[in-house]
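Accompanying notes for the structure given below.
Just so it is clear, the structure is predicted and the values come from calculations on it, not from any experiment.
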Amino acid sequence: MTNIFLNTLSLCVLTGASVFWLTRRFLGTQRQSILKQAKAKADMLLYQAQVLYQTKEVESQTLIQQLQQEYARQVQENAQDYQNKLDALKSYENQQKKQWNLQNQQLNQTKQELQAFQQELQREKYTQEQISQECAKLKQEALNALMECAGYTKEEAQEIVLRRLEEDLILQKSALIRRYEKQAKKEAKERAHFIIAQATARFASSFAMENLTSVVALPDSDFIGRIIGKEGKNIDTFKRISGVEVIIDEDSKTITLSCFNLYRREIATRTLEQLIQDGRIQPARIEMVYKRVEAGMEEAILQEAEEVILDLKLDSMPEELKHLLGRMRYRTSYGQNALIHSIEVAILAGTITEQLGGDCKLARRAGILHDIGKALTPEHGGDHVELGAEVCRRHNEHPVVLNAIFAHHDREEIKSIECAAVCAADALSASRPGARRKESENFLNRMQDLERIASQKSGVEKVFAMDAGREVRVIVCPETINDAKIPLLARDIAKEIQNNLQYPGEVVVHVIRERHAKAVAR
């Protein structure tokens, strides 16, 4: 058993040794083969590198030779070019020297000629002096002989000649002045007509007459009953608050509001339109909507004034002037709207001033403000010229604006081109056929006088002249006037109207005293 184990162990050892020897021999053979291949490849690369090196060296030698040849050729060409340019410069220099010598000779010759001419002039000057002295001597001898013959001294003779010459010149001057003055007047008249014609042609605007009525359309005939109200309370409240006459046309489903005061009629119209749109019509609602519209009118007035100022491209104005400018929308002069008239005057004045070479913006400003006092006359009375000048002076307006306010009613002389343009534009706007009606102005003045007489009484809150001046409705303050004083106040107003105004027919004075109470349940 032991022998078998030993034999087996010996066999394994021999087998392992054989495998190890064979493996080592195989690896040695492989290594030698790889080394031989690497060495052969290295030798091949070295040979190729040597061949490439020799080829490149030959090419570099060839390139160096070519560059040397090219350099030599360029040097030769540059040298030849330099020599050619040098020869050309020398030739140009010789030509310039020749020209300079020739010009120098010509200058010397000209200098000699000038010197000779100067000497000739000196000789002629001396000769002229001799002749002048001889002429003066002969003139003095002739003058002495003339004075001996005429019996006058030199001063006396000069005085006589100058006096006659002066008389002749005065006559000629007067004739020239008359001729040129006549020609200037003719040309100025033609020029003025041309400028005015051009201005009016460039501003072609239709005039707008203000009516005394406004028409409000109703959605349907059912609103007529709502507006009248139970026992006429709604329409009576509307008349009392607004101070306008209300005429209802059932056939055409329209309501006509009549009032000479445009501002009051506009508030009433807007109030009625809002009431119709809302549908809730009752006395308390009418009074609330009327007060709201009245408060909103001030904002509308300022907005319209700002739009006018922006359209005319004017500088900013104080709030008071803008407020008055907006109020002119609701002021008329002989039936012509005051604001539209002022806008026409401003545009025409600016156009005329432009052709005359003046300040167009200043002319437009003077034109829009020339009748600003008319916005103050309904409340303050008096002359709109003085009122307008006072308010413009208070806000430091330009002297041309003040001059235009006075000059367009001949209160002052015209002092500038801009003022003259405003006066001409005012006449053009006001004198167009149909632009104004005197009857409308008389009617308006009579209505304003009726309201003015009643409003001057103590305790009076509101006054409305209605029914074409045949009725005056006076609303008094209940805390100041009691029921016992109402008949006395009505009689006093009627008596003063009778003594101070002229009117057809009769005027009825209604004095109204009402007390309102309000309580809120919470």
Side-chain angles (χ1 to χ4, degrees), residues 192 195-196 199 203 207 263 301-302 304-306 308-309 311-354 356 358-432 435-436 441 444-445 448:
I195 290 173
I196 291 175
F203 178 74
F207 57 85
Y263 184 72
I301 283 173
L302 287 176
E304 183 167 13
E306 290 174 355
V308 170
I309 293 171
D311 291 341
L312 294 177
K313 299 178 181 179
L314 301 178
D315 297 331
S316 60
M317 286 188 183
E319 287 293 322
E320 184 181 6
L321 288 181
K322 288 195 289 187
H323 181 267
L324 294 175
L325 191 62
R327 287 296 294 266
M328 288 177 66
R329 167 67 70 183
Y330 308 102
R331 178 72 168 87
T332 61
S333 178
Y334 296 98
Q336 187 180 27
N337 188 279
L339 180 59
I340 296 177
H341 165 68
S342 297
I343 294 173
E344 288 182 0
V345 171
I347 297 174
L348 284 170
T351 306
I352 294 172
T353 304
E354 181 183 4
L356 295 176
D359 190 341
C360 303
K361 182 183 289 187
L362 182 57
R364 290 195 297 270
R365 192 178 187 90
I368 199 65
L369 294 176
H370 81 287
D371 270 344
I372 195 69
K374 288 184 178 180
L376 294 166
T377 52
E379 290 79 13
H380 300 82
D383 184 11
H384 79 279
V385 174
E386 296 294 338
L387 292 173
E390 180 183 352
V391 71
C392 288
R393 196 181 291 115
R394 188 164 63 247
H395 292 290
N396 298 321
E397 281 295 329
H398 198 280
V400 171
V401 177
L402 297 174
N403 183 220
I405 292 174
F406 285 110
H408 85 281
H409 276 286
D410 299 325
R411 306 286 182 86
E412 282 185 4
E413 293 293 330
I414 295 174
K415 300 177 182 178
S416 62
I417 292 175
E418 294 80 9
C419 180
V422 170
C423 294
D426 177 65
L428 286 172
S429 177
S431 62
R432 290 182 293 168
R436 292 188 172 185
E441 189 69 13
L444 181 62
N445 291 334
Q448 290 176 349

E306: side-chain hydrogen bond (donor to acceptor under 3.5 Å, both in side chains) partners, not counting sequence neighbours: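 Testing E306 for side-chain hydrogen bond (donor to acceptor under 3.5 Å, both in side chains), a comparison that skips the adjacent residues, returns K322.
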
Please give me the minimum heavy-atom distance between [X] and [Y], naming the atom from each residue.
| X | Y | value |
| --- | --- | --- |
| Y330 | Y263 | CB-N, 3.5 Å |
| L321 | C392 | CD2-SG, 4.5 Å |
| H323 | I301 | O-CG2, 3.5 Å |
| A349 | A421 | O-CB, 3.6 Å |
| A305 | G326 | CB-N, 3.9 Å |
| I352 | A424 | CD1-CB, 4.4 Å |

If you define the side chain from C-beta out and look only at heavy atoms, does anything of [X] sit under 4.5 Å from [Y]?
| X | Y | value |
| --- | --- | --- |
| D311 | I343 | no |
| F406 | E386 | yes |
| V422 | E418 | no |
| H370 | V401 | no |
| L369 | H395 | no |

At what distance, to the nearest 0.5 angstrom, does [atom1] of [X] lie from [atom2] of [Y]?
| X | Y | atom1 | atom2 | value |
| --- | --- | --- | --- | --- |
| L356 | S416 | CG | OG | 11.0 Å |
| I309 | K313 | CD1 | NZ | 15.5 Å |
| C419 | I417 | SG | CD1 | 11.5 Å |
| E319 | L324 | CD | CG | 11.0 Å |

With no hydrogens and no angle check, is any side-chain donor or acceptor of [X] less than 3.5 Å from a backbone partner on [Y]?
| X | Y | answer |
| --- | --- | --- |
| H398 | V400 | yes |
| H408 | I405 | yes |
| D371 | L339 | no |

Run the side-chain donor-acceptor check on residues 359-366: report pairs under 3.5 Å with partners two or more places apart or on a different chain.
residue : atom : partner : partner atom : Å
D359    : OD1  : K361    : N            : 3.3
D359    : OD1  : L362    : N            : 3.3
R364    : NE   : L312    : O            : 2.8
R365    : NE   : E397    : OE1          : 2.9
R365    : NH1  : D315    : O            : 3.4
R365    : NH2  : S316    : O            : 3.4
R365    : NH2  : E397    : OE2          : 3.1

Pair R329, I340 - check side chain to side chain contact (heavy atoms under 4.5 Å, CB included), show working. CA-CA 7 Å; R329 167 67 70 183; I340 296 177; 3.6 Å; yes

Under a plain distance cut-off of 3.5 Å, with no hydrogens placed, do H341 and D426 share a side-chain donor-acceptor pair? yes

